[in-house]
Amino acid sequence: MPSSRLLPLALLCGLSLFSLSLAADPIQVSIDPKPATNYVVESNFLGISFELSFMDEYFGNDTSTIPKTMMTYLSALRSRTGSNPLLLRVGGNSMDSSTYVPTQGSPMLQLQSGPANSNNQPVNYGPVLWDVMNKVSNDLNGTKYLVGLSLLDPNSSNIPLLAGGAQKSLGDHLDAFLLGNEPDLYTSHGNRPGLKNYTVQNYLDEFRNVSDHLTNTVGGNILDQHDIAGPTICCNWNLDELLNEGYITKFNNFLKYITLQHYPQNNCFGSYAYELPWYLQHANVVTLGAWQRSGIALARSASKPVVMSEFNSASCGGIPKISDTFGVGTLWTVDYTLQLASVGYTTAYLHTRERGISYNLFAPPAGPNGGPGAWTTNPPYYALLATTEILKSANGGIVVDLNLAQSKTDLNAKVAGYAVYDSGNFTVQQIALFNYANTTSATSTFTLPSSVFATNAKSSVIVKYLTSPSMNESTNIAWGGQTLAGVSDGQLVSSSSSWVKANDKLNCSNGCTVTVPGTTLAVVFASGQSDTKPALQASDAGKNAAVPARLHGIGASMTILVALLAIFVVANVQLLS
């Protein structure tokens, strides 16, 4: 090419690069000095829900066979909850249909004979279950349990036996009893054959009947403990209708929590509505979080905490190649969990079931329960690790959706964000920034003002990343530079793999930009309280210093583009001379 044509070409290339960089301008993140809500949550907001029938796959048959790897998984979570106990729930459909046998020893669970629905496999179980739960709590230095109580037969003598045994054995490790499981499905499941339609009023009458039977048990008067929770509806009833019928006023003297459980869709019949892209749209998370919002407001106005006692990506075990991906199992779970915290829930429990279920947090080895072998970590487990750190705050956190898209209903938006404030002084603790683009090259940058950072942390702000090569990935996932990919014992290890984004340290004294590749969540520790364990890698303060103010309107990437363009122009000028 003649040298006389190189300079115009260079200028043309420069203009093209300039126009491309404009499309990648940083997103200006605006964070109010005070949160708009007063819903306070703790670092242990996200707990784990276990289906009763398969507790033995994760915890063995008795106290002598609790797998070390399971305790390693739970210990990693417990170490992140600080002074708050790890929250576990034992329940599900099988808790409603199973039988408590006070004389049963090891093994703690025995499948009942006869045909059973794959989504509801009843067992016989006994006090060894409480022994195992006690040991887990003691070894972890703090675990609290939600325990299901059946409402299938309101006149069953098994209910006070179970409640009394659990109360006597678990003591302070017991958080509450969930009385009934999805009563709004009793009609469709055929659980009240004598009734054409099981109504809210029928439920209220039965709830009263069963609670009256709990005043005299081997564990004392259960109602005196104020540890009953309900209604645990999921689908067909509205919470505000039930509350307006007097649920709280009728049972206020012993009702501890208002409980709900809900899935965005089901896979119970081999078909489902939403594919993976649906979960990667933050607007859908906002809509999902608004389910039962008016009822939640009524409960909170009556000073009753609201608990999501069971959720995951799709009911009846999830959807293979959707629920077990980084995009859904990890990023969506974090996004939805933070959304729940922002709209009034006080805790939420992520459900897990038997081996081979796609939405499970981890997979025990094949063979006898509690036996040796390699465990596999699934995408949802990383969501718990990250969420626990995101919600860390000395006085409890208040979570606010930053609404980074043009509107909360923008289905095309690929970004989302939340701020976590300390409820005591309203200082910003953590900022979570999502990039839902399904390619690591589709980078988004977020500009944060200096005012949101603690004075003593401005010059060395830690940013940790939850990342993976793609939204479809199920194994290669890392949080804060650590991963469990290829690890069989649940022990996090540092990784320098190309898909892992190491922790950054930013100088935010004059504000700063956070660069978030596609398929990534960045967590900015604005208060300087990160529990960073892996060493920071080649990202000193100079490299990550705040972009000068004059460049904020163009984009941080423009610095590099302008430099390259200058070199290109100089080279061509030399050729022309």
Side-chain angles (χ1 to χ4, degrees), residues 49-59 88-104 107-130 132-133 145-166 176-195 198 202-203 206-207 209-211 213-214 228-237 259-263 266-269 309-312 315-317 349 351-355 357 369:
S49 168
F50 291 94
E51 189 75 27
L52 169 67
S53 295
F54 308 104
M55 280 283 288
D56 51 357
E57 292 188 7
Y58 298 98
F59 295 97
L88 304 179
R89 175 236 186 185
V90 182
N93 290 328
S94 62
M95 197 90 190
D96 245 16
S97 59
S98 294
T99 303
Y100 181 69
V101 183
T103 57
Q104 182 173 314
M108 64 180 183
L109 303 179
Q110 296 177 358
L111 281 172
Q112 294 181 8
S113 59
N117 186 309
S118 60
N119 296 307
N120 183 6
Q121 301 183 49
V123 296
N124 293 333
Y125 63 105
V128 176
L129 175 62
W130 317 137
V132 169
M133 292 163 64
Y145 297 98
L146 282 183
V147 176
L149 287 180
S150 177
L151 197 62
L152 284 188
D153 180 0
N155 298 306
S156 173
S157 60
N158 200 247
I159 303 172
L161 282 176
L162 162 58
F177 290 110
L178 292 166
L179 182 49
N181 186 76
E182 301 175 344
D184 51 334
L185 295 183
Y186 280 179
T187 296
S188 61
H189 287 174
N191 293 326
R192 292 296 185 274
L195 292 174
Y198 183 76
N202 294 138
Y203 168 76
E206 292 185 351
F207 196 91
N209 182 34
V210 172
S211 59
H213 293 162
L214 299 177
I228 304 299
T232 321
I233 60 176
C234 70
C235 312
N236 295 334
W237 293 351
T259 52
L260 300 166
Q261 53 195 53
H262 192 59
Y263 290 79
N266 73 64
N267 192 26
C268 302
F269 307 103
S309 57
E310 177 182 322
F311 82 95
N312 211 305
S315 61
C316 295
Y349 291 79
H351 199 50
T352 199
R353 281 180 36 179
E354 70 271 25
R355 294 179 182 93
I357 295 297
N369 296 326

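Computed from heavy atoms alone, side chains included, the values below leave out hydrogens, waters and symmetry copies.
Taking 4.5 Å as the limit, every side-chain heavy atom of Met55 sits out of range of all side-chain heavy atoms of Tyr125. Within the 4.5 Å cutoff, the side chain of Val147 has heavy atoms near those of the Met95 side chain. Leu109 is not listed as a side-chain neighbour of Asn369, based on a closest heavy-atom distance of 4.5 Å or more. The shortest side-chain heavy-atom distance between Phe207 and Pro231 does not fall under the 4.5 Å cut-off. At a threshold of 4.5 Å between non-hydrogen side-chain atoms, the residues Val128 and Gln104 do not count as touching. Side-chain contact between Val123 and Asp56 is absent, with no heavy atoms from C-beta onward closer than 4.5 Å.
Rounding to the nearest 0.5 Å gives a distance of 13.0 Å between OH of Tyr58 and CG of Leu88. Thr352 OG1 to Glu310 CD: the interatomic distance, rounded to the nearest 0.5 Å, is 10.5 Å. A distance of 8.5 Å separates OG1 in Thr187 from CG in Asn236, rounded to the nearest 0.5 Å.
For Asn266, the side-chain contact (heavy atoms from CB on, under 4.5 Å) partners two or more places apart in sequence, or in a different chain, are Cys268, Phe269, Ser315. Under the side-chain contact (heavy atoms from CB on, under 4.5 Å) criterion, Glu354 pairs with Phe54, Glu57, Gln121, Ile357, not counting sequence neighbours. Shown here are the side-chain contact (heavy atoms from CB on, under 4.5 Å) partners of Asn93, two or more places apart in sequence or in another chain: Glu51, Asn120, Asn181, Glu182.
Here the closest non-hydrogen pair linking Tyr349 and Ser309 is CB-O, 3.4 Å. Residues Arg353 and His351 approach most closely at CG-NE2, 3.8 Å, considering heavy atoms. Ser94 approaches Ser53 most closely through the heavy-atom pair CB-OG, 2.9 Å. Residues Ala229 and Thr259 come closest through the heavy atom pair CB-CG2, 3.8 Å. Closest non-hydrogen pair, Gln112 versus Thr99, comes out as NE2-OG1, 3.3 Å. Taking each heavy atom of Tyr203 and Gly230 in turn, the nearest pair found is OH-CA, 4.4 Å.
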Acceptor/donor pairs from residues 155-164 side chains to any protein atom, 3.5 angstrom cut, sequence neighbours excluded:
| residue | atom | partner | partner atom | Å |
| --- | --- | --- | --- | --- |
| Asn155 | OD1 | Asn209 | ND2 | 3.1 |
| Ser156 | OG | Asn158 | N | 3.0 |
| Asn158 | OD1 | Tyr100 | N | 3.0 |
| Asn158 | ND2 | Tyr100 | O | 2.7 |

Exercise for the section: Could you go through the side-chain contact (heavy atoms from CB on, under 4.5 Å) check for Val210 and Leu149 one step at a time? Expected result: CA-CA 10 Å; Val210 172; Leu149 287 180; 6.0 Å; no

Problem - Test side-chain contact (heavy atoms from CB on, under 4.5 Å) applied to Ile233 and Leu260, step by step - result: CA-CA 5 Å; Ile233 60 176; Leu260 300 166; 3.6 Å; yes

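Here the side chain of Tyr145 pairs a donor or acceptor atom with the backbone of Met133 at under 3.5 angstrom.
Residue pairs that meet the salt bridge (Lys or Arg N to Asp or Glu O under 4.0 Å) test with at least one member in residues 149-162, sequence neighbours left out, do not exist here. Within the structure, the salt bridge (Lys or Arg N to Asp or Glu O under 4.0 Å) test picks out the following pairs touching residues 184-195 (sequence neighbours left out): Arg192-Glu206.
Checked by atom type, the side-chain pair Asp96/Tyr186 shows a donor-acceptor distance below 3.5 Å.
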